[in-house]
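None of these values were measured; they are calculated from a predicted model.
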Amino acid sequence: TIEIEETQTQIKLRMVPAIGSTVRVISKVLVAPIPGSKRRGDDTLIVARRSIVATLPDEAGHISLVQDDLAPSPLARRGKFMIAPQFNSVGVEVKECEAVASEAMPLLEFEEGDGHIKDFAAAKDDVHILVKRYKGYGDQLLRLNDYTCAISYYEVALNLVSSKFQVGSTLVVKRNGHATIAEVDCIEIDKKGNKHYDVTYLSGEEATITQRDILLAMCDRDPPLQTKIMMNLSRCLLKLALLDTTQGNASCVGERSASSSKNSRQERYRSSA
């Protein structure tokens, strides 16, 4: 009997997340309807968020947590997003909450350590393998309703499938504040090493653009895969537009105009989607 009791105690201890460990916690959030929507009353959304364990369970089995910011960040906080807004204020404010210790979920296996770095090293010869893998990671997180983390993985997949192009490729570019389609006619490099691209718009007009004008390249090898990544990324962004009510500075990395920070995070998510 003593041996059985000891074993059960050991099992319970193993189930308790350690202080400082990162877990995923699911909660229900009341969100107000979108302005102009015909729906009345608040909606309830289920959302999963990564959180850091701050205390051991109390007598009621509750633990204190410090939640990650709802705004997404690039994996390992390196690089830039292609579509999602990358706020300068991410992580400036933290939110504390409580949860039942037994309901705290461990991170998924691919989220642990530096696995993504090993992935890139192992599949450097076939980027398509990585694209499908990271879309799959994003899909798993989306099914868990962790929209924040899902965006980070979808952005990796989108970057891999949408960054390389050549003469004849189709691009989505910025023109007069809007996104439009253009075909690459010529690629030239000036004396300073900067690339310039001669393109033709759908209207037949020709122009010379720089890297800053390019949003992404359309994938020739597997267009449906790229489309699915962007659709799921948009779903996550629209969910965060309902959930992330953080007030204050909503400026993004790399912006020069101070007036752009007047937009709220919610407006940024909707615009990106």
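Between Tyr147 and Tyr154, a ring centre-to-centre spacing not shorter than 6.0 Å is recorded.
Among residue pairs with one or both ends in residues 143-169, those qualifying as salt bridge (charged side-chain N to carboxylate O under 4.0 Å, His left out) are Arg24-Asp146; sequence neighbours excluded.
Under a 3.5 Å cut-off, the side chain of Ser21 and the backbone N or O of Ala18 do form a donor-acceptor pair. One N or O on the side chain of Ser163 and one on the backbone of Asn159 form a donor-acceptor pair closer than 3.5 Å.
Put simply, Leu225 and Leu141 are part of the same group of oily side chains (I, L, V, M, F, W, Y) that touch within less than 4.5 Å, one to the next. When hydrophobic clusters are built by joining Ile, Leu, Val, Met, Phe, Trp and Tyr residues whose side-chain heavy atoms come closer than 4.5 Å, directly or via intermediates, Ile151 is grouped together with Val29. Cluster membership for Leu158 and Met218, using ILVMFWY side-chain heavy atoms within less than 4.5 angstrom, is shared. Criterion: ILVMFWY side-chain heavy atoms under 4.5 Å apart, direct or through other members. Under it, Leu215 and Val156 are part of a common hydrophobic cluster. Ile52 and Met105 are assigned to two separate hydrophobic clusters, defined by single-linkage of ILVMFWY side chains at heavy-atom distances under 4.5 Å.
In this structure, the side-chain contact (heavy atoms from CB on, under 4.5 Å) partners of Ile46, at least two apart in sequence or on a different chain, are Ile26, Lys28, Asn145. Residues meeting the side-chain hydrogen bond (donor to acceptor under 3.5 Å, both in side chains) test with Asp68, sequence neighbours left out: none. In this structure, the salt bridge (Lys or Arg N to Asp or Glu O under 4.0 Å) partners of Arg175, at least two apart in sequence or on a different chain, are Glu205. Residues passing the side-chain hydrogen bond (donor to acceptor under 3.5 Å, both in side chains) test with Asp198 are Thr208, sequence neighbours excluded. Annotation: side-chain hydrogen bond (donor to acceptor under 3.5 Å, both in side chains) contacts of Ser73 (sequence neighbours excluded): Arg77. The ring pair (Phe, Tyr, Trp, His ring centres under 6.0 Å) search around Tyr197 returns Phe165, not counting sequence neighbours. Qualifying side-chain contact (heavy atoms from CB on, under 4.5 Å) partners for Glu103, counting only residues two or more places apart in sequence or in other chains: Val100. Taking Ser234 as the reference, Ala273 meet the side-chain contact (heavy atoms from CB on, under 4.5 Å) condition, with sequence neighbours excluded. Taking the side-chain contact (heavy atoms from CB on, under 4.5 Å) definition, one finds that Asp190 meets it with Lys192, Asn194, His196, sequence neighbours left out.
Rounding to the nearest 0.5 angstrom, the gap separating the NZ atom in Lys195 from the CD1 atom in Ile189 is 5.5 Å. Separating the CD atom in Gln86 from the SG atom in Cys252 is a distance of 8.0 Å, to the nearest 0.5 Å. Going from atom CG of Leu56 over to atom OG of Ser64 covers 10.0 Å, rounded to the nearest 0.5 Å. Gln266 CD to Leu238 CG: the interatomic distance, rounded to the nearest 0.5 Å, is 12.0 Å. In this structure, His128 NE2 and Cys219 SG are separated by 7.0 Å, a value rounded to the nearest 0.5 Å. In this structure, SG in Cys236 is found 13.0 Å from CD1 in Ile83, a value given to the nearest 0.5 Å.
For the pair Val131/Ile229, a side-chain contact is recorded, criterion being any heavy-atom separation below 4.5 Å from C-beta on. Side-chain contact between Val47 and Ser27: present, with at least one pair of heavy atoms (C-beta onward) separated by less than 4.5 Å. Proximity of Ser272 to Leu233: side-chain heavy atoms (C-beta onward) are nowhere separated by under 4.5 Å. Looking only at side-chain heavy atoms (C-beta outward), Phe81 and Ser152 come within less than 4.5 Å of each other. Inter-residue side-chain proximity for Glu111 and Thr22 is flagged as unmet; no heavy-atom pair is nearer than 4.5 Å.
In this structure, Gly138 and Ala150 approach most closely via the heavy-atom pair O-CB, 3.6 Å. Nearest heavy-atom pair, Ala217 versus Gln226, reported as atom, atom and distance to 0.1 Å: O-NE2, 2.8 Å. The shortest heavy-atom contact between Asp69 and Thr148 is O-CG2, 3.9 Å. Nearest heavy-atom pair, Tyr269 versus Leu237, reported as atom, atom and distance to 0.1 Å: CB-O, 3.4 Å.
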Without placing hydrogens or testing angles, list every side-chain donor-acceptor pair under 3.5 Å for residues 166-174, not counting sequence neighbours.
{"residue": "Ser169", "atom": "OG", "partner": "Gln166", "partner atom": "N", "Å": "3.0"}
{"residue": "Ser169", "atom": "OG", "partner": "Gln166", "partner atom": "O", "Å": "3.0"}
{"residue": "Lys174", "atom": "NZ", "partner": "Arg212", "partner atom": "O", "Å": "3.1"}

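Annotation for Arg50: atom CZ counts as buried by contact number, over 12 foreign heavy atoms lying within 6.0 Å.
Checking each of Arg49, Arg265, Lys239, Arg270 against Asp244 for a salt bridge (charged side-chain N to carboxylate O under 4.0 Å, His left out) leaves exactly one that passes, namely Arg265.
Side-chain contact, Tyr153 with Asp139: no donor N or O sits under 3.5 Å from an acceptor N or O.
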* To do: Step by step, work out the side-chain contact (heavy atoms from CB on, under 4.5 Å) result for Lys135 and Asn232.
  => CA-CA 9 Å; Lys135 177 192 176 293; Asn232 286 350; 4.3 Å; yes
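Cluster note: Leu65 groups with Val23, Val25, Val53, Ile63 through ILVMFWY side-chain heavy atoms spaced under 4.5 Å, whether in direct contact or through intervening members.
Ring-plane geometry between Phe110 and Tyr137 is classed as parallel, the angle between the planes falling under 30 degrees on a 0 to 90 degree scale with a further cut at 60.
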